[in-house]
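Only heavy atoms go into these numbers, but all of them, side chains included; no hydrogens, no water, no symmetry mates.
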Amino acid sequence: MKEKWQKILNILSFVLLVVCFVRIGWLNNEISNLRNTMNNNRSMLQSSIDAISSNVRYELEQASNLLSDSSWNTGGLNVEDKTATFDCYVVPKVYSPEKTEATLVCNGEEYPMTLENSRYIAEITLPLFEESVVSGVQFSEDGTIRTQQLNWHINPRYDMVPTAYVNYSGSTRQNYEGTDIIRTYSGSAEIDFEHKGFAKINKDAQIVFLINGKEVWCHKPVLEEQYTDDYISHYTAEIEQSFKIKRGDTIEMYIEFSDSNGWRYRSIMEDATIGEKGNPVPNREYYHAEADIYDADGNKVFDGMKF
């Protein structure tokens with residue numbers, strides 16, 4: 001009888017142990033869920049606090065802002081001087097038309113503004129290939145000067161200067177004849193010309209191939225217009241040519257064309273050194289950067305590889 005009760009006691013102990021383990025597992029899940037809920041609530045609370053802080057900061061800035069409106073627009077383009085004009089305006093909340101004078105501050109230089117139709121306006125001239133900063137506007141009246149920060153970053157290169165991107169699309173194969181290598185290009189140069197409404201591309205393109213820095217081939221392809229709109233045009237230029245090269249040679253191929261402003265665009269399609277096994281080893285990380293831009297005198301005014 002004693003052994004029977006001992007077995008019953010063991011069974012009950014085992015059942016109780018299982019129940020305890022189940023309860024412990026359930027409690028662990030509950031704790032984990034509570035912890036996740038607390039973290040979610042904390043995150044939501046922090047997001048709400050951040051949103052409220054941002055709204056309060058915005059309202060305070062708006063309340064202290066001297067302006068009800070301000071902006072700038074692109075104007076004209078001077079290719080020879082390599083400058084661009086921009087039309088800027090500000091609308092102060094409080095001013096006296098007969099007394100209040102406004103001055104725009106750009107790159108540390110002051111530009112007087114004139115009042116027209118409740119807006120103070122000014123035309124400023126900026127360099128094409130440099131970023132300029134309009135730091136603020138000053139209002140003076142009866143010897144009192146009030147300043148409103150603007151912090152406009154204006155880069156005419158993005159807004160007014162045409163840019164060109166070129167990609168070689170096609171096949172490049174090599175045949176071996178003793179120590180010589182016959183390298184054949186069969187494809188086309190694909191040109192994306194972002195004229196931005198300020199220029200048109202001239203169809204005077206030429207493709208140049210150099211070996212060890214010496215020009216060995218100059219081809220004037222026909223530029224085929226694939227599509228164009230108010231901002232960008234797409235052209236293709238066919239390439240079908242073979243060259244005899246050797247191991248150790250440096251090869252380079254670029255395309256060059258001009259636009260209606262008189263600027264010339266040059267884009268590298270290949271720049272490599274032929275290895276000992278005959279394989280081309282690129283001399284640059286990528287080719288599809290913006291094209292370099294040269295003025296009518298042949299001076300480089302923009303280096304596409306730096307951007």
Legend entry - Ring geometry between H219 and W217 (parallel below 30°, tilted from 30 to 60°, perpendicular above 60°): parallel

Legend entry - Set of residues satisfying ring pair (Phe, Tyr, Trp, His ring centres under 6.0 Å) with respect to Y294, sequence neighbours excluded: none

Inset, instruction - Measure the acute angle between the ring planes of F257 and Y265, then classify it against the limits of 30° and 60° as parallel, tilted or perpendicular. - result: parallel

Legend entry - ILVMFWY cluster membership beyond Y227 - transitive side-chain contacts under 4.5 angstrom: Y231, I232

Inset, instruction - Using a strict 4.0 Å threshold on nitrogen-to-oxygen distance, state whether E290 and R157 make a salt bridge. - result: yes

Legend entry - Common cluster, V137/W72, ILVMFWY with side-chain heavy-atom separation under 4.5 Å: yes

Inset, instruction - Measure up the F209 and F243 rings against each other and bin them: parallel (under 30°), tilted (30 to 60°), perpendicular (over 60°). - result: parallel

Legend entry - V208, V166, N167 screened by side-chain contact (heavy atoms from CB on, under 4.5 Å) with M269, the one that passes: V166

Inset, instruction - To the nearest 0.5 Å, tell me how far K246 NZ sits from I274 CD1. - result: 12.5 Å

Inset, instruction - Inspect the contact between K82 and D295 and indicate whether a charged nitrogen and a carboxylate oxygen are less than 4.0 angstrom apart. - result: yes

Inset, instruction - Decide side chain to side chain contact (heavy atoms under 4.5 Å, CB included) for I211 and I245; before the verdict, give the C-alpha distance in whole Å, the side-chain angles of both, and the deciding distance to 0.1 Å. - result: CA-CA 8 Å; I211 299 179; I245 56 179; 3.7 Å; yes

Legend entry - More than 12 heavy atoms from other groups under 6.0 Å of CG on N117: no

Inset, instruction - May I ask whether V133 and L67 are part of the same hydrophobic cluster, defined by side-chain heavy atoms of I, L, V, M, F, W, Y residues being less than 4.5 angstrom apart, directly or through others? - result: no

Inset, instruction - In plain terms, say whether E141 and K99 are close enough for a salt bridge, that is, a side-chain N and a carboxylate O under 4.0 Å apart. - result: no

